[in-house]
**Student:** 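Quick one: the structure is below, and I'll ask about it shortly.
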Amino acid sequence: GETEDSFIADLVVGLRAGQIKTGAPCRSERLAKYNQLLRIEEELESVGRASFAGDRFRTVGLDAKALSGSLEVKTLPTRPIEGQKPGTSGLRKKTKVFMEGLYLHNFVQSVFNALVAENVPVIGGTLVVSGDGRYWNPEAIQIIIKIALANGVGRVWLGKDGLLSTPAVSAVIRTRGSGFEPFGGFICSASHNPGGINEDFGIKYNCENGGPAPEKMTDKMVQQTASITEIKICEGVPDIDLSKPAVYSIGDRYVEVFDTVQDHMSLLERCFDFNQIRDLVARPDFTFVYDSMCGVQGPYATRILEEVLGGKPGSCINATPRPDFGGPESAWHGHADPNLTYAVELVKRMGLNAKGEKISTDGPVPTFGAGADGDADRNMILGSQFFVSPSDSLAFIVANADLIPQFKGAGGLKGCARSMPTSGALDLVAKKKGLACFEVPTGWKFFGNLMDSGTHYFPDGKTYTPFVCGEESFGTGSDHVREKDGMWAVLAWLQILAAKTAAKGKLVTVEEVANEHWKEYGRNYYARYDYEGVDKAKAEEMVAMMAGKAGTLVGQLFQGMEIQTNDVFEYHDPVDKSISKNQGIRFIFTDGSRIIFRLSGTGVAGATVRLYLEKYTPPSGDLGQHAFDVIKPLAAIALELSQLQAYTGRDAPTVIT
């Protein structure tokens with residue numbers, strides 16, 4: 001007969017089964033099983049790991065295809081390789097550097113060494129490995145799998161064709177299966193940098209929360225790269241077929257290839273009202289174009305925007321991922337970076353030139369335009385003949401967050417943040433709405449602690465979630481993942497347009513949203529000048545010169561503008577109390593205008609000097625000027641303060657955005 005033994009409840013949770021059959025809850029021996037399920041849910045929910053399997057129940061291992069091969073661990077002798085310190089977005093070098101000898105092997109093994117030293121549950125654990133599809137991605141993924149298995153990883157998760165966008169990797173870590181199953185993941189990407197055998201490659205490690213490894217962890221990885229002596233690898237493991245979803249077993253280990261899009265899309269469906277957005281897309285007076293620039297976003301854009309939301313077929317352009325992101329023959333020369341300079345095809349389609357000025361077009365201009373970079377974490381938003389700066393886009397989303405179900409259903413936003421160079425437009429919104437607002441260094445990892453506030457990582461401090469953050473370099477996101485998320489930003493805009501259109505009874509455009517916002521908050525005219533491929537030593541000398549003058553220019557006038565602050569920005573993290581120094585040079589004027597200098601850490605050759613220029617105009621001022629014209633006087637002051645031409649030999653920026 002049946003007893004009150006509730007083991008079956010533990011079994012179905014452990015197997016992540018989709019159903020349990022114990023009979024109607026009318027007798028104590030049956031209720032015992034349901035009560036045990038409630039106890040399990042209560043325990044898992046306390047650490048943020050409760051997740052209803054439903055139709056996503058898992059059968060990994062039950063139908064796995066056994067592969068021939070060997071798990072014998074071979075040890076390869078090696079020695080440290082110079083220059084393996086990750087930048088703000090991982091380790092990036094020329095592709096041929098990664099392909100040489102044991103360069104990739106060294107870095108991956110060093111990461112595992114650091115993880116084991118920090119008691120991360122590598123042995124028997126689950127690891128995500130995928131990338132943005134750039135040249136040599138498939139080969140790199142196979143190498144990482146073999147090293148992972150040799151280091152004791154029990155299960156490896158891979159996107160079909162080795163493709164997962166950077167935000168999708170974070171979503172997979174956080175939500176696939178029962179949620180938070182992997183201890184981390186490797187992302188093979190150099191983001192917006194060109195791909196190809198003569199171009200760039202990159203790799204970074206994300207932790208169990210789905211976010212980039214924090215500085216303290218990357219420091220430990222760097223220490224390991226300086227002392228590594230051997231690499232563990234299972235050379236007898238055959239290459240995995242990445243072309244279709246499947247589960248493979250090798251001894252007691254499993255490798256699973258799954259659909260590239262589904263996990264990320266399922267999470268986004270919980271953030272937004274897809275039915276309301278679908279109504280907007282179905283309107284005859286609404287058209288859109290989405291440019292994936294031959295990066296990894298293509299499959300996501302086509303599935304979500306065309307197949308699920310009903311967009312007209314062909315609205316998603318350049319949607320087939322290519323190893324060279326389109327290569328030299330493309331309009332963007334393989335530089336999959338969604339800005340006015342590189343997203344040539346999209347910008348022209350939206351009736352603009354590289355300066356954001358209106359141009360004549362051969363046909364009707366779409367109502368809405370958006371673009372993605374190589375790994376799909378960046379976004380660019382445009383209206384019909386109208387460019388939205390990333391700084392403004394962030395402020396607009398926060399100002400209209402109550403229209404987004406993700407926040408409306410959670411009682412509204414609690415916090416927001418921007419990178420230091422990003423304009424202060426967000427600060428104005430946060431002040432009026434009473435939101436906690438933070439200025440952090442450049443690098444998405446600095447948002448991570450704020451997004452993890454109040455969780456089991458930082459249970460004792462304040463909670464700043466629900467949370468929205470962004471940066472001027474076309475990155476926007478929220479706490480649904482721990483990476484910037486280009487598709488999330490686009491859907492947030494579509495949600496805002498859909499809600500405003502439904503409320504007004506007529507189509508509301510991107511330009512109307514912007515004008516409405518500026519009339520309430522004023523406008524932060526903004527631009528960024530990039531000087532790429534500058535001699536690194538000279539660039540560092542220039543920055544050191546400006547840093548040496550910190551605090552000495554207060555009260556001085558430059559072309560009639562008085563300096564209120566000149567300093568070197570440092571960040572005091574309110575969550576983990578860490579301090580990050582030397583995060584950029586700031587010149588702040590008494591009228592709120594700002595000049596910022598930074599050296600970028602995302603390039604692979606030389607240095608990129610980034611100059612950020614911001615001029616605030618109140619609601620009563622002229623809000624209809626072109627940003628590039630407004631900031632020109634500031635640019636002249638910046639060149640005087642930095643002596644940039646003397647140090648670098650450059651008399652003009654490479655890119656203006």
**Student:** If you define the side chain from C-beta out and look only at heavy atoms, does anything of H192 sit under 4.5 Å from H335?
**Tutor:** yes

**Student:** Say you draw a straight line from OG of S642 to CD of E640; how long is it, rounded to the nearest 0.5 Å?
**Tutor:** 9.5 Å

**Student:** With rounding to the nearest 0.5 angstrom, report the CD to CZ distance, Q564 to F587.
**Tutor:** 14.5 Å

**Student:** Regarding Y571 and E439, is there a side-chain donor-to-acceptor distance under 3.5 Å anywhere?
**Tutor:** no

**Student:** Do you know which two heavy atoms are closest between G533 and T608, and how far apart they sit?
**Tutor:** N-OG1, 4.3 Å

**Student:** Locate the shortest heavy-atom distance separating M545 from Q643; write the atom from each residue and the value.
**Tutor:** CE-NE2, 4.1 Å

**Student:** Which pair of heavy atoms, one from A539 and one from V609, lies closest together, and at what distance?
**Tutor:** CB-CG2, 3.9 Å

**Student:** Closer than 4.0 angstrom, basic N to acidic O: yes or no for E306 and K312?
**Tutor:** no

**Student:** Passes side-chain contact (heavy atoms from CB on, under 4.5 Å), V534 versus R650? Steps please.
**Tutor:** CA-CA 8 Å; V534 172; R650 300 294 182 86; 4.0 Å; yes

**Student:** Might you work through the side-chain contact (heavy atoms from CB on, under 4.5 Å) test for Y531 and Y529, ending with a clear yes or no?
**Tutor:** CA-CA 7 Å; Y531 297 82; Y529 289 10; 3.8 Å; yes

**Student:** Answer yes or no: is there an ion pair linking K500 with E516, defined by an N-O contact shorter than 4.0 Å?
**Tutor:** yes

**Student:** For the backbone of E532 and the side chain of T654, can you confirm whether one donor and one acceptor N or O come within less than 3.5 Å of each other?
**Tutor:** yes

**Student:** Would you mind checking if R528 and E472 are paired as a salt bridge, meaning a charged N to carboxylate O distance below 4.0 Å?
**Tutor:** yes

**Student:** Looking just at side-chain N and O atoms, do N339 and T657 make a donor-acceptor pair shorter than 3.5 Å?
**Tutor:** no

**Student:** Hey, could you give me the CG/CD distance between L305 and Q297, rounded to the nearest 0.5 Å?
**Tutor:** 8.0 Å

**Student:** Kindly assign one of parallel, tilted or perpendicular to the pair W493 and F396, based on the angle between their ring planes and the thresholds 30° and 60°.
**Tutor:** perpendicular

**Student:** Does a side-chain N-to-carboxylate-O contact under 4.0 Å join R586 and D567?
**Tutor:** yes

**Student:** Once the angle between the rings of F286 and F288 is folded into 0 to 90°, is it parallel (under 30°), tilted (30 to 60°) or perpendicular (over 60°)?
**Tutor:** tilted

**Student:** When you compare the side chain of C271 with that of L491, does any pair of heavy atoms fall below 4.5 Å?
**Tutor:** no

**Student:** Check side chain to side chain contact (heavy atoms under 4.5 Å, CB included) between P466 and all other residues, then give those that pass, not counting sequence neighbours.
**Tutor:** F407, A410, L413, K414, D479

**Student:** At what distance, to the nearest 0.5 angstrom, does CE of M420 lie from OH of Y612?
**Tutor:** 7.5 Å

**Student:** Given V543 and I585, is the side-chain contact (heavy atoms from CB on, under 4.5 Å) satisfied, shown in steps?
**Tutor:** CA-CA 7 Å; V543 170; I585 306 295; 4.1 Å; yes

**Student:** As an exercise, state the distance from NZ of K484 to CZ of R378, rounded to the nearest 0.5 Å.
**Tutor:** 5.5 Å

**Student:** Can D291 and R349 be counted as an ion pair, charged N to O under 4.0 angstrom?
**Tutor:** no

**Student:** Between D132 and S165, is a side-chain hydrogen bond (donor to acceptor under 3.5 Å, both in side chains) present by the stated rule, with each step listed?
**Tutor:** CA-CA 6 Å; D132 60 13; S165 72; over 6 Å; no

**Student:** Do the side chains of T367 and S384 get nearer than 4.5 Å, heavy atoms only?
**Tutor:** no

**Student:** Assess whether salt bridge (charged side-chain N to carboxylate O under 4.0 Å, His left out) is satisfied between D427 and R418, documenting all intermediate values.
**Tutor:** CA-CA 9 Å; D427 306 46; R418 62 172 174 83; 2.6 Å; yes

**Student:** Do side-chain atoms of S292 reach the backbone of A319 as a donor and acceptor pair under 3.5 angstrom?
**Tutor:** no

**Student:** List in chain and number order the residues that pass side chain to side chain contact (heavy atoms under 4.5 Å, CB included) with E512, two or more places apart in sequence or in another chain; answer none if no residue qualifies.
**Tutor:** K506, V508, T509

**Student:** Look at the aromatic rings of F386 and W518 and report parallel, tilted or perpendicular, splitting at 30° and 60°.
**Tutor:** tilted

**Student:** Could you please spell out the steps behind the side-chain hydrogen bond (donor to acceptor under 3.5 Å, both in side chains) verdict for D452 and N209?
**Tutor:** CA-CA 8 Å; D452 280 335; N209 71 339; 2.7 Å; yes

**Student:** Can a side-chain donor-acceptor contact be found between E357 and N353 if the only test is distance below 3.5 angstrom?
**Tutor:** yes

**Student:** Walk me through whether D530 and R610 qualify under salt bridge (charged side-chain N to carboxylate O under 4.0 Å, His left out).
**Tutor:** CA-CA 5 Å; D530 285 1; R610 300 202 195 281; 2.5 Å; yes

**Student:** Under a 3.5 Å distance rule, please check whether S593 uses its side chain to pair with a backbone N or O of F589 as donor and acceptor.
**Tutor:** no

**Student:** Under a 3.5 Å cutoff, is there a donor and acceptor pairing between the side chains of Q556 and E562?
**Tutor:** no

**Student:** Does any donor atom in the side chain of Q406 or S478 lie under 3.5 Å from an acceptor atom in the other side chain?
**Tutor:** yes

**Student:** Would D485 and H264 count as having a side-chain donor-acceptor pair, cut-off 3.5 Å?
**Tutor:** yes

**Student:** side-chain contact (heavy atoms from CB on, under 4.5 Å), that's the test. Do F387 and L340 meet it? Break it down for me.
**Tutor:** CA-CA 9 Å; F387 169 67; L340 292 172; 3.9 Å; yes

**Student:** With distance as the sole criterion, is a donor-acceptor pair present between the side chains of Y616 and R594 under 3.5 Å?
**Tutor:** no

**Student:** CD1 of I404 to CD of Q276: how many Å apart, nearest 0.5 Å?
**Tutor:** 11.0 Å

**Student:** Hey, does H333 have a side-chain heavy atom less than 4.5 Å from the side chain of P194?
**Tutor:** no

**Student:** For F447 and G470, which heavy atoms make the closest approach, and how far apart are they?
**Tutor:** CZ-O, 3.5 Å

**Student:** Answer whether the closest heavy-atom distance between the side chains of I656 and T341 falls below 4.5 Å.
**Tutor:** no

**Student:** Has the side chain of D373 got a donor or acceptor atom that lies under 3.5 Å from a matching backbone atom of A376?
**Tutor:** yes

**Student:** Passes side-chain hydrogen bond (donor to acceptor under 3.5 Å, both in side chains), E614 versus N524? Steps please.
**Tutor:** CA-CA 6 Å; E614 176 183 359; N524 295 69; 2.8 Å; yes

**Student:** Tell me the closest heavy-atom pair linking L450 and T465, and the distance in Å.
**Tutor:** O-CG2, 4.1 Å

**Student:** Testing E483, K445, R482 one by one against N206 for a side-chain hydrogen bond (donor to acceptor under 3.5 Å, both in side chains), which residue passes?
**Tutor:** E483

**Student:** Using modelled atom types only, decide if a donor and an acceptor are shared between the side chain of R523 and the backbone of Q625 within a distance under 3.5 Å.
**Tutor:** yes

**Student:** Check Q495 against I277 and note the closest heavy-atom contact, atom names and distance.
**Tutor:** OE1-CD1, 3.9 Å

**Student:** S315 side chain to G311 main-chain N or O, any donor-acceptor pair under 3.5 Å?
**Tutor:** no

**Student:** Start with the C-alpha distance between D375 and T166, add both sets of side-chain angles, then the distance that settles side-chain hydrogen bond (donor to acceptor under 3.5 Å, both in side chains), and finish with yes or no.
**Tutor:** CA-CA 6 Å; D375 68 331; T166 292; 2.6 Å; yes

**Student:** A side-chain contact here means heavy atoms from C-beta on lying under 4.5 Å apart; do N318 and F325 qualify?
**Tutor:** no

**Student:** Is the distance between the ring centroids of F438 and Y464 less than 6.0 Å?
**Tutor:** yes

